[in-house]
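Along the sequence shown, residues are numbered consecutively beginning with 1.
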Amino acid sequence: MADDAAVLAEVEARKGSVTSMVTQKNFVGALTAALADPEKVLASKSANVKSANAAVVFQVIEAIEDKEIDGVLEGLDPLVMDLLMKYVYKGLGTPENANSLLKWHAKVLERCGPGGIVRSMTDRKTV
């Protein structure tokens with residue numbers, strides 16, 4: 001599908017800028033960029049698009065130390081928190097980074113409250 005190919009190309013382009021920001025320790029910018037323009041990814045039916053975008057988001061999450069999570073979350077828009085929570089749940093589906101993602105879950109929950117969980121679980125569009 002041409003649309004999925006275009007979205008995948010956008011995700012790959014975003015990965016380069018996100019990697020650059022992570023290298024510069026601009027974690028707020030990197031996470032904001034990784035979570036940018038979610039409509040296209042959410043609308044896609046392609047597992048390749050969704051997993052490629054998730055990999056970009058997880059690249060940023062893995063680079064952030066536990067003590068820096070609060071500072072990064074302070075710089076995020078509240079609407080982005082729900083999307084971030086979706087990625088946390090997606091990541092918890094695999095055991096590799098469960099320990100780190102549970103810490104993220106607790107911090108995001110602190111910021112957006114239980115409504116963030118409800119919104120991320122009830123939204124039909126998956127990441």
Shortest non-hydrogen contact between [X] and [Y], atoms and distance:
X	Y	answer
G75	V28	O-CG1, 3.7 Å
S100	I61	OG-CG2, 4.4 Å
V57	A34	CG2-O, 3.7 Å

Atom pair [atom1] ([X]) and [atom2] ([Y]), whose distance is rounded to the nearest 0.5 Å:
X	Y	atom1	atom2	result
E12	L8	CD	CG	5.5 Å
I117	C112	CD1	SG	7.0 Å
L35	D82	CG	CG	11.0 Å
M81	L109	CE	CG	11.0 Å
E110	D70	CD	CG	6.0 Å
L31	I69	CG	CD1	10.5 Å

Quick one: are [X] and [Y] in side-chain contact, heavy atoms under 4.5 Å?
X	Y	value
V11	K15	no
K40	S44	no
T126	L42	no
D4	N48	no

Under a single-linkage definition using a 4.5 Å side-chain heavy-atom cutoff for Ile, Leu, Val, Met, Phe, Trp and Tyr, are [X] and [Y] assigned to the same hydrophobic cluster?
X	Y	result
L84	L79	no
V60	L102	yes
V56	M21	no

Side-chain atoms of residues 85-95: list all donor-acceptor pairs with protein atoms under 3.5 Å, sequence neighbours left out, distances to 0.1 Å.
unit_1, atom_1, unit_2, atom_2, d
K86, NZ, D123, OD2, 2.7
K86, NZ, K125, O, 2.4
Y87, OH, N53, ND2, 2.6
Y89, OH, H105, NE2, 2.8
K90, NZ, V127, O, 2.8
T94, OG1, G91, O, 3.1
T94, OG1, E96, OE1, 3.1

Does the [X] side chain pair with the main chain of [Y], one donor and one acceptor, at a distance under 3.5 Å?
X	Y	answer
E74	G71	no
K50	V41	yes
S51	A47	yes

